[in-house]
Chemist: 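Before anything else, here's the structure in question.
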Amino acid sequence: MHTSSKPVVLDGIWLMKYIKNSDFQKLGYIPATYSQVENLPAKAYDGKVPGNYELDLLRAGDIEDPFFGTNAISMQRMESNHVFYARRFTYTAEENMLPQLVFEGIDTIADIYLNGRLIGHSENMLIPYIIDQPELLEGENELVVHIMPPGIHARKADYSTGHMAGAFNYETLRLRKSPHMFGWDIMPRLISAGIFRPVYINHIPVEHIRQAYLMTVSVDVRKRSARMQFFYDLNIEGDDLSEYTISVKGVCRDSEFEQERRIWFSAGKFVFDFDGAYFWWPKGYGEPNLYHVTVQLKRRASVLDTREFSLGVRTVSLTRTSTSDQFLNGDFHFKVNGERIFILGTNFVPMDAYHSRDRERLPKACELLEDIGCNCIRIWGGNIYEDDYLYDFCDRKGILIWQDFIMACAFYPGDEKFLAALKNEAVAAVRRLRQHPSILLWAGDNECDLYTKLEPFSVDPNRNRATREALRDVLIFEDPTRPYLPSSPYIDENANSLPIEFLSENHLWGPRDYFKSDFFKNSMSIFVSEIGYHGCPGVPSIKKFIPEDEIWPWQNNKYWIAHSTSPEIVPGAIERIDLMARQVRELFGIEPDTLELFAAASQISQAEALKFFIEMFRLSRAKRSGIIWWNLIDGWPQFSDAVVDYYYEK
């Protein structure tokens, strides 16, 4: 954080209205002031910020709970709405400080008006949108945010036959919006709109620290010594740079380092060594020691700006081969501080279909992470870049993070417009997250390489410019300290001509048959980053999202189909319910004829399957290096592979 006065918090209740796109086109003007929003021919709502507008409608009693019954499917009627948020606030300038208007998350395509004037346009829900030095008035100001329907916006883009996406997900090819929101096998199609993360005005010094990144170059665990590299990027106004210094100081218990250098230019870096280091270790391998680091920019010994953050002194590396074989002659292992780490992980999917509720759900989810004793999570590429709470928690607890960039199950465009947007997003995300010692790996996407193999006209995944060029280039310049995997699983040039079963790192889903079938027992995977098995939620939970008189039987049950998850009620659209029943029959030889017995049998089947998968990898750890199973907790009420349902019931 910067040296700064208390932010001007703009969270709370805003005026919110929405209108259909066809009605918006007839308006003849774009509402840009509070009064113009007030005069829109639409009902006014208390719009909660952070929030999603559907939740405002739910609180007002104007829609049914989207998570109950088939209501999520009926919400598709709202996908073409324009949503307006407006508020008035009082502002007082601070001497010698620059204001920044910060939106930590706008979903998704939005114009921002200050006092009736357009000051910003955002097209990415995944990263903050910051407006430097907005022309704020002393006293009362008006802020209006116009959020446009993303699907209609996406229609304006160009598409080619070579693009690939799921039937429900084509918009995601051109929208930088969480992919799951268009409908997924684990999440409903709830497109949504809103200002889903905090909004505030920061004040920063005129001369300030733009970037400060402290990296671990190498460690000597036996000698307790470390070599560090510090990078800085500054906003400096003075002519004589010899008047300026930059200092970095870190303290962890009785260990301390401190360095100070004069400034030769507004950006630079330097290397230093220090002894007596306490290292950051993953859970099960040592303590996750954290240094409190203070960076100061000074001019003639006067402090101009300060940044503070936590630092874990540690190195990470990945050694991999493209493929394996039936004798497990392959490699895919991580080292932290030079020590080989066996990964025991779980996949981390969206906390909620409405992301304004992510933050309130994270503490309980993190308790579950401690409960299962994992040392790694994978933040899946259909999700978002998570709230700071999660990254800080993992830093403190020694839980490693495999971080996907936000692309999933598609072959995305390779044109310059898309690549520029992706690079801009990646720079913002990497700069925000790279100081966290918990982050083990950047992965370009989820299953996009794999997806190319499903097309009748197969595309070489190594032609994917998004992951082979754009993201790679960002990481070369923004974070050279961590390994990068272009896709998960990654099909490089050496693996492209072989069946996917030969990949050293893989997602083991296959026929989804008996968990001790040859597909699982004979897997050639050295590392598996997705593997799971169905488990039915408990009956009390099911009664919370399906009408009680419609709960049983499951066959041809539209409520089960809707929560399996399908964005349309079509038999067989999502086969997960039938799959769950088949897996019960595989284990028990029969299918119970009551919901209570069916749920219990399914949960036993899931428990035995996960036990077998985990033990198979742990028992072969001489050859294998880790398992990240799917998944810990649901982001909405559903029938899935999660071991904890949306209501936190195990």
Side-chain angles (χ1 to χ4, degrees), residues 216 219 221 278-290 310-320 331-349 362-380 383 386 389-404 433-443 481-483 485 488 504-508 525-532 610-633 642-644 650:
T216 308
V219 299
V221 173
Y278 289 115
F279 302 112
W280 189 94
W281 291 99
K283 181 180 285 189
Y285 292 84
E287 292 297 315
N289 294 296
L290 291 172
S310 294
L311 166 76
V313 178
R314 61 97 186 93
T315 59
V316 295
S317 64
L318 169 63
T319 301
R320 63 172 291 275
D331 206 351
F332 191 98
H333 75 265
F334 294 98
K335 286 184 177 180
V336 175
N337 299 327
E339 183 169 342
R340 185 168 175 146
I341 305 297
F342 189 82
I343 299 295
L344 292 166
T346 183
N347 277 272
F348 211 84
V349 304
L362 274 170
K364 281 190 178 181
C366 287
E367 288 177 16
L368 295 169
L369 286 179
E370 283 210 89
D371 191 19
I372 63 174
C374 71
N375 65 11
C376 183
I377 62 172
R378 173 176 176 253
I379 299 180
W380 168 68
N383 196 352
E386 278 287 357
Y389 184 97
L390 179 64
Y391 298 98
D392 292 339
F393 176 87
C394 291
D395 288 347
R396 295 193 308 271
K397 299 297 182 178
I399 298 174
L400 297 160
I401 296 176
W402 171 311
Q403 176 70 62
D404 282 2
L433 298 174
R434 63 189 176 186
Q435 198 65 68
H436 289 280
S438 52
I439 294 184
L440 172 71
L441 171 86
W442 301 105
T481 72
R482 291 176 175 87
L485 197 68
S488 178
S504 60
E505 174 261 335
N506 215 338
H507 295 181
L508 294 186
S525 300
I526 303 299
F527 189 103
V528 62
S529 43
E530 283 189 22
I531 187 172
L610 287 175
K611 177 176 181 286
F612 177 75
F613 297 154
I614 293 166
E615 288 182 349
M616 180 176 76
F617 272 77
R618 292 181 70 163
L619 287 167
S620 56
R621 64 190 294 166
K623 291 275 191 173
R624 290 186 161 117
S625 59
I627 176 172
I628 304 178
W629 48 266
W630 191 279
N631 65 305
L632 179 62
I633 184 171
V643 299
V644 179
K650 300 176 183 178

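Quick caveat, the model's predicted, so the values are computed rather than measured. Numbering of residues begins at 1 and proceeds along the displayed sequence.
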Chemist: Just wondering, do L318 and F527 contact through their side chains at under 4.5 Å, heavy atoms?
Modeler: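 Sidechains of L318 and F527: no contact.
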Chemist: Do E367 and D371 come close enough that some side-chain heavy atom pair is under 4.5 Å?
Modeler: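 SC-SC contact between E367 and D371 ruled out.
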Chemist: Verify, without hydrogens or angle tests, whether S504 (side chain) and I526 (backbone) share a donor-acceptor contact under 3.5 angstrom.
Modeler: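 Checking the backbone N and O of I526 against the side chain of S504, no donor-acceptor pair under 3.5 Å is found.
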Chemist: Take a 6.0 Å sphere around CD of E287 and say whether it holds more than 12 heavy atoms from other residues, nucleotides or ligands.
Modeler: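 Check fails, neighbour count at 12 or below.
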Chemist: Indicate the ring-plane relationship of W380 and W630, choosing parallel, tilted or perpendicular according to the 30° and 60° boundaries.
Modeler: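 Correct class here is perpendicular.
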Chemist: So which heavy atom on A365 is nearest to which on F348, and how close?
Modeler: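 So the two residues come closest at CB-CZ, 4.3 Å.
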Chemist: Show every donor-acceptor pair shorter than 3.5 Å between a side-chain atom in residues 336-344 and any protein atom, with sequence neighbours excluded, or say none if there are none.
Modeler:
| from | atom 1 | to | atom 2 | distance (Å) |
| --- | --- | --- | --- | --- |
| N337 | OD1 | T315 | N | 3.0 |
| N337 | ND2 | W280 | O | 3.1 |
| R340 | NH1 | H333 | ND1 | 3.4 |

Chemist: For the aromatic rings, using the six-membered ring if either is Trp, is the centroid distance between Y391 and Y389 under 6.0 Å?
Modeler: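 Here the rings of Y389 and Y391 have centres that are no less than 6.0 Å from each other.
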Chemist: For the atom pair CG (L632) and NZ (K650), what is the distance rounded to the nearest 0.5 Å?
Modeler: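 Those atoms lie 10.0 Å apart.
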Chemist: Given 3.5 Å as the limit, does a donor-acceptor pair link the side chain of R434 with the main chain of R482, or not?
Modeler: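 Not confirmed, R434 side chain does not pair with R482 backbone.
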Chemist: Atom OG of S438 and atom NZ of K283: how far apart are they, to the nearest 0.5 Å?
Modeler: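 NZ of K283 is found 12.5 Å from OG of S438.
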Chemist: Go through the structure and list residues passing salt bridge (Lys or Arg N to Asp or Glu O under 4.0 Å) with K364, not counting sequence neighbours.
Modeler: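 In terms of salt bridge (Lys or Arg N to Asp or Glu O under 4.0 Å), with neighbours along the sequence ignored, K364 is linked to no residue.
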Chemist: Is there a donor-acceptor pair under 3.5 Å between the side chain of D331 and the backbone N or O of R320?
Modeler: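 Side chain of D331 to backbone of R320, a donor-acceptor pair under 3.5 Å: no, none is there.
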Chemist: Quick one: does M616's side chain get under 4.5 Å of I627's, heavy atoms only?
Modeler: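 Counting from C-beta outward, M616 and I627 never come under 4.5 Å.
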Chemist: For the residue pair I401 and E386, establish whether any side-chain heavy-atom pair is separated by less than 4.5 Å.
Modeler: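 No - every pair of side-chain heavy atoms lies 4.5 Å or more apart.
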Chemist: If only atom types and distance count, is the side chain of N347 paired as donor or acceptor with the main-chain N or O of S529 below 3.5 Å?
Modeler: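 Flag set: sc N347 to bb S529 pair under 3.5 Å.
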Chemist: Within the distance-only criterion (no hydrogens, no angle test), does the side chain of S310 pair as donor or acceptor with the backbone N or O of L290 below 3.5 angstrom?
Modeler: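 Judged by distance alone, no pair lies under 3.5 Å.
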Chemist: Any non-hydrogen side-chain atom of L390 less than 4.5 Å from a side-chain atom of L369?
Modeler: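 They are in contact (side-chain heavy atoms under 4.5 Å apart), so the answer is yes.
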Chemist: Is there a side-chain contact between F334 and W402 (heavy atoms, below 4.5 Å)?
Modeler: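 Yes, close enough: below the 4.5 Å cut-off.
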Chemist: Quick check for you: to the nearest 0.5 Å, what is the distance between W442 atom CH2 and L485 atom CG?
Modeler: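 Result: 14.0 Å between the selected atoms.
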Chemist: Counting distance only, does the side-chain N/O of N289 pair as donor-acceptor with the main-chain N or O of W281 below 3.5 Å?
Modeler: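 Looks like no, no N/O pair under 3.5 Å.
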Chemist: So, do H436 and D392 sit near enough that their side-chain heavy atoms are less than 4.5 Å apart?
Modeler: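 With C-beta onward as the side chain, the pair touches.
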Chemist: Which value, rounded to the nearest 0.5 Å, describes the distance between I372 atom CD1 and T346 atom OG1?
Modeler: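 I372 CD1 to T346 OG1: 5.0 Å, rounded to 0.5 Å.
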Chemist: Measure the spacing between CG of L400 and SG of C376 and express it to the nearest 0.5 Å.
Modeler: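 One gets 5.5 Å once the value is rounded to the nearest 0.5 Å.
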Chemist: According to salt bridge (Lys or Arg N to Asp or Glu O under 4.0 Å), who are the partners of R378, at least two apart in sequence or on a separate chain?
Modeler: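 Counting only residues at least two positions away or on another chain, R378 forms a salt bridge (Lys or Arg N to Asp or Glu O under 4.0 Å) with D404, E530.
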Chemist: In the structure I gave you, are the side-chain heavy atoms of H507 and S488 within less than 4.5 Å of one another anywhere?
Modeler: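 Side chain of H507 against side chain of S488, heavy atoms only: contact under 4.5 Å found.
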Chemist: What distance separates I439 CD1 from L433 CG, expressed to the nearest 0.5 Å?
Modeler: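 Going from CD1 on I439 over to CG on L433, the span is 4.5 Å.
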Chemist: At their closest point, which heavy atom of V528 faces which heavy atom of I531, and how far apart are they?
Modeler: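 Here V528 and I531 meet closest at CG2-CB, 3.9 Å.
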